[in-house]
S.K.: 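Below is one structure. I have some questions about it.
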Amino acid sequence: SGDTGAMDELELVDYFKTQMRENEDVASAVAAIRTLLEFLKRDKGETIQGLRENLKAAIKILSSVDSSVAVSSGGELFLRFISLTSLEHPDYSICKKTMIDRGELYLERISASRDKIANLCHAFISDGSKILTHSSSRVVLRVLEKAARAKKRFSVFITDSQPDSSGLKSAESLKKLNIPVTVILDASVGYIMEKVDLLLVGAEGVVESGGIINKIGTYQMAVCAKSHNKPFYVVAESFKFVRLYPLNQQDVPDRFKYTAEILKSAKNLAEEHPTVDYTPPSFITLLFTDLGVLTPSAVSDELIKLYL
């Protein structure tokens with residue numbers, strides 16, 4: 001249909017998957033927002049209301065393809081951001097152009113967030129630190145890269161992070177940066193804890209309480225860190241702030257707990273392995289975000305501002 005026609009469901013999903021494939025370094029939420037922006041540009045609706053409904057439907061479709069929390073929070077925050085402008089203008093095409101401009105601005109803003117976080121966080125890594133991290137987080141990698149560039153000497157322990165061994169990929173990236181790295185078993189977190197100075201993890205979602213939803217295994221790491229009095233730092237972009245208030249593991253919605261494939265095919269979810277867990281705010285020392293360095297209790301104020 002060329003680049004001019006409105007996107008149907010297949011084109012939408014295909015565009016998203018292409019974004020993911022062509023740039024490994026891009027967060028799935030950012031790929032989703034790029035896709036929504038393209039969808040917005042090509043929408044053939046005649047009213048703002050119609051356009052918003054179409055965008056909401058598009059976010060739903062993308063969330064069904066990628067079940068990470070940030071795809072749905074990022075999509076919702078994108079929609080809010082582009083709708084903030086006064087869309088009372090009688091000329092629809094002018095309104096739409098304003099929305100596209102704001103969409104481009106939002107994308108620019110979130111694309112800069114990793115570097116902002118790295119600038120804030122690397123100061124907390126002192127020379128000679130031993131750092132424990134979990135799974136693979138692009139933000140964590142950016143922070144460690146920044147610290148290495150600042151000529152800090154430190155070494156990293158990283159969990160292999162079953163079931164997909166995502167820690168191994170991160171370990172390779174760290175080796176390329178000449179950062180000393182040791183891969184450990186998920187089951188060795190307690191064993192290694194006495195050797196480490198701080199923990200640094202990413203997050204798939206930051207919830208209203210200041211807790212996080214992240215790769216399975218994060219929670220037990222945080223519990224263990226607290227019992228050893230080790231600081232537990234989280235690095236996460238603000239597009240991952242999500243309006244959820246889980247009180248325990250059961251409260252985390254199934255749509256985030258399992259991969260999109262499993263959600264479609266599983267007969268009984270209770271028998272499947274969840275891919276994320278919930279870490280309550282009492283186990284988190286600080287969160288480094290593009291909005292600044294936050295204590296867990298400061299997250300709810302920032303979240304309210306984002307979703308106003």
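For clarity, every value in this text was computed on a predicted model and none was experimentally measured. Below, each value reflects all heavy atoms present in this structure, side chains not excepted, and no hydrogens, waters or symmetry copies.
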S.K.: Testing Met221, His228, Gln220 for side chain to side chain contact (heavy atoms under 4.5 Å, CB included) with Cys224, which one passes?
M.R.: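 When Met221, His228, Gln220 are each tested with Cys224, the side chain to side chain contact (heavy atoms under 4.5 Å, CB included) holds only for His228.
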
S.K.: Is it the case that the side chain of Glu11 and the backbone of Asp8 share a donor-acceptor pair, with hydrogens and angles ignored and the cut-off at 3.5 Å?
M.R.: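 A pair under 3.5 Å: yes.
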
S.K.: Are any of the side-chain heavy atoms of Pro253 and Leu244 separated by less than 4.5 Å?
M.R.: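 Yes, side chains in contact.
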
S.K.: Between Arg34 and Glu38, does at least one N-O distance fall below 4.0 Å, as a salt bridge requires?
M.R.: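 Between Glu38 and Arg34 there is no salt bridge, as every charged N stays at least 4.0 Å from the carboxylate O atoms.
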
S.K.: Taking Asp127 for its side chain and Lys152 for its backbone only, find out whether a donor-acceptor pair lies under 3.5 Å.
M.R.: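 Not confirmed, Asp127 side chain does not pair with Lys152 backbone.
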
S.K.: So how far is it from Lys195 NZ to Thr182 OG1, rounded to the nearest 0.5 Å?
M.R.: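 Atom-to-atom, Lys195:NZ and Thr182:OG1 are 8.0 Å apart.
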
S.K.: Do the side chain of Lys96 and the main chain of Asp43 share a donor and acceptor less than 3.5 angstrom apart?
M.R.: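 Yes, the answer is positive, given that a donor and an acceptor are paired below the 3.5 Å cut-off.
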
S.K.: Is it the case that the ring center of Phe81 lies less than 6.0 angstrom away from the ring center of Tyr106?
M.R.: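 Tyr106 vs Phe81: aromatic centres under 6.0 Å.
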
S.K.: To the closest 0.5 Å, what do you measure between CD1 (Ile192) and OG1 (Thr159)?
M.R.: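 Answer rounded to 0.5 Å: 11.5 Å.
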
S.K.: Quick one: do Glu22 and Lys17 make a salt bridge, cutoff under 4.0 Å?
M.R.: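 No salt bridge links Glu22 with Lys17.
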
S.K.: Would a hydrophobic clustering, with Ile, Leu, Val, Met, Phe, Trp and Tyr connected at side-chain separations under 4.5 Å, put Leu199 with Phe157?
M.R.: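 Shared cluster, yes.
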
S.K.: Identify, with sequence neighbours excluded, every residue that meets side chain to side chain donor-acceptor pair (under 3.5 Å) alongside Lys130.
M.R.: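 Partners of Lys130 by the side chain to side chain donor-acceptor pair (under 3.5 Å) criterion come out as none, since no residue qualifies.
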
S.K.: Would you check if there is a donor-acceptor pair between the side chains of Thr275 and Lys257 at a distance under 3.5 Å?
M.R.: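 Their side chains do not contain a donor-acceptor pair, so the 3.5 Å distance test is not met.
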
S.K.: For a quick check under 3.5 Å, do Ser83 and Arg52 share a side-chain donor-acceptor pair by atom type?
M.R.: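 Result is yes, a qualifying pair exists.
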
S.K.: Tell me which one of Leu132, Val140, Val139 satisfies side chain to side chain contact (heavy atoms under 4.5 Å, CB included) with Leu200.
M.R.: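 Exactly one option meets the side chain to side chain contact (heavy atoms under 4.5 Å, CB included) with Leu200, and it is Val140.
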
S.K.: I want to check something: taking the side chain as every heavy atom from C-beta on, are Leu51 and Met99 in contact at a cut-off of under 4.5 Å?
M.R.: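 The answer is yes; the side chains approach within 4.5 Å.
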
S.K.: Could you check whether any side-chain N or O of Asn119 sits under 3.5 Å from a backbone N or O of Asp115, counting only pairs where one atom can act as donor and the other as acceptor?
M.R.: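 Side chain of Asn119 to backbone of Asp115: a pair is present.
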
S.K.: Would the Tyr278 and Tyr219 ring centres measure less than 6.0 Å apart?
M.R.: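 No, the ring of Tyr278 stays outside the 6.0 Å limit from the ring of Tyr219, centre to centre.
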
S.K.: Under 4.5 Å between any side-chain heavy atoms of Tyr191 and Ile184, yes or no?
M.R.: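 Result no, sub-4.5 Å side-chain heavy-atom pair not found.
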
S.K.: Is it true that the side chains of Ser129 and Asp197 contain a donor and an acceptor less than 3.5 Å apart?
M.R.: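 No, Asp197 and Ser129 have no side-chain donor paired with an acceptor closer than 3.5 Å.
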
S.K.: Would you check if there is a donor-acceptor pair between the side chains of Ser166 and Ser135 at a distance under 3.5 Å?
M.R.: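 Ser135 vs Ser166: donor-acceptor pair found between side chains.
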
S.K.: Specify the closest pair of heavy atoms between His134 and Val201, including all atoms of both residues, with the distance to one decimal.
M.R.: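 Where His134 meets Val201 most closely, the heavy atoms are CB-CG1, 4.2 Å.
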
S.K.: Output yes when a side-chain donor or acceptor of Asp277 lies under 3.5 Å from a complementary backbone atom of Gly217, and no otherwise.
M.R.: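 Yes, because the side chain of Asp277 sits within donor-acceptor range (under 3.5 Å) of the backbone of Gly217.
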
S.K.: Any chance the side chains of Ser28 and Ser68 put a donor and an acceptor closer than 3.5 Å?
M.R.: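 Yes, side-chain donor-acceptor contact under 3.5 Å.
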
S.K.: Taking all non-hydrogen atoms of both residues into account, name the closest pair between Gly210 and Pro281 and its distance.
M.R.: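 It is C-CB, 3.9 Å.
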
S.K.: May I have the list of side-chain donor-acceptor pairs in residues 264-273 shorter than 3.5 Å, sequence neighbours left out?
M.R.:
| residue | atom | partner | partner atom | Å |
| --- | --- | --- | --- | --- |
| Lys264 | NZ | Ser64 | O | 2.9 |
| Ser265 | OG | Glu261 | O | 3.0 |
| Asn268 | OD1 | Ala270 | N | 3.0 |
| Asn268 | ND2 | Glu271 | OE2 | 3.4 |

S.K.: Given salt bridge (charged side-chain N to carboxylate O under 4.0 Å, His left out), test Glu76 with Lys56 step by step and report yes or no.
M.R.: CA-CA 8 Å; Glu76 189 178 344; Lys56 276 185 186 157; over 6 Å; no

S.K.: What distance do Leu55 atom CG and Leu79 atom CG have between them, rounded to the nearest 0.5 Å?
M.R.: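 So the CG of Leu55 and the CG of Leu79 are separated by 5.5 Å.
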
S.K.: Between atom CG of Leu12 and atom CG of Asn54, what is the distance when rounded to the nearest 0.5 Å?
M.R.: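 Between atom CG of Leu12 and atom CG of Asn54 there are 11.0 Å.
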
S.K.: Taking the ring of Phe239 and the ring of Phe78, is the distance between their centroids below 6.0 Å?
M.R.: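 Ring centres of Phe239 and Phe78 not closer than 6.0 Å.
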
S.K.: Is there a side-chain contact between Lys230 and Leu198 (heavy atoms, below 4.5 Å)?
M.R.: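 Sidechains of Leu198 and Lys230: no contact.
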
S.K.: Look at the side chain of Arg142 and the backbone N and O of Ala118, then say whether any donor-acceptor pair between them is shorter than 3.5 Å.
M.R.: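 Side chain of Arg142 to backbone of Ala118: no pair is present.
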
S.K.: Is there a side-chain contact between Leu286 and Phe124, using heavy atoms and a 4.5 Å cut-off?
M.R.: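 Touching, per the 4.5 Å side-chain cut-off.
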
S.K.: Using only heavy-atom distances, determine whether the side chains of Gln249 and Asp251 contain a donor-acceptor pair under 3.5 Å.
M.R.: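 Checked: Gln249/Asp251 side chains show no N/O donor-acceptor pair below 3.5 Å.
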
S.K.: Please check if atom CZ in Arg109 has more than 12 non-hydrogen atoms from other residues, nucleotides or ligands closer than 6.0 Å.
M.R.: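 Result for CZ/Arg109: open.
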
S.K.: How about Asp66 and Met20: do any of their side-chain heavy atoms sit closer than 4.5 Å?
M.R.: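 Asp66 vs Met20: side chains touch.
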
S.K.: Is there a side-chain contact between Asp160 and Leu185 in this structure, where contact means two heavy atoms from C-beta onward sitting under 4.5 Å apart?
M.R.: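 In contact.
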
S.K.: I'd like to check Val223 versus Thr279 (side-chain heavy atoms, cut-off strictly below 4.5 Å). Are they in contact?
M.R.: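 Answer no - side chains too far apart.
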
S.K.: When you check the gap from the basic side-chain N to the acidic O, do Asp186 and Lys215 get nearer than 4.0 Å?
M.R.: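 Here Asp186 does not pair with Lys215 in a salt bridge, since their nearest N and O are not under 4.0 Å apart.
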
S.K.: Just grab all the side chain to side chain donor-acceptor pair (under 3.5 Å) pairs involving residues 294-308, residues at least two apart or on different chains.
M.R.: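 Counting only pairs at least two positions apart or across chains, the side chain to side chain donor-acceptor pair (under 3.5 Å) contacts touching residues 294-308 are Thr295-Ser297, Glu302-Lys305.
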
S.K.: Does Thr289 reach the main-chain N or O of Gly292 with its side chain, forming a donor-acceptor pair under 3.5 Å?
M.R.: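 Answer holds: yes.
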
S.K.: Using a strict cut-off of less than 4.0 Å between a Lys/Arg side-chain nitrogen and an Asp/Glu carboxylate oxygen, indicate whether Glu145 and Arg149 qualify as a salt bridge.
M.R.: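 Answer for the salt bridge query: yes.
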
S.K.: If only atom types and distance count, is the side chain of Asn214 paired as donor or acceptor with the main-chain N or O of Gly202 below 3.5 Å?
M.R.: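 Between the backbone of Gly202 and the side chain of Asn214 there is a qualifying donor-acceptor contact (under 3.5 Å).
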
S.K.: Indicate yes or no: does Glu237 engage Arg114 in a salt bridge with an N to O separation below 4.0 Å.
M.R.: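 So Glu237 pairs with Arg114 through a salt bridge.
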
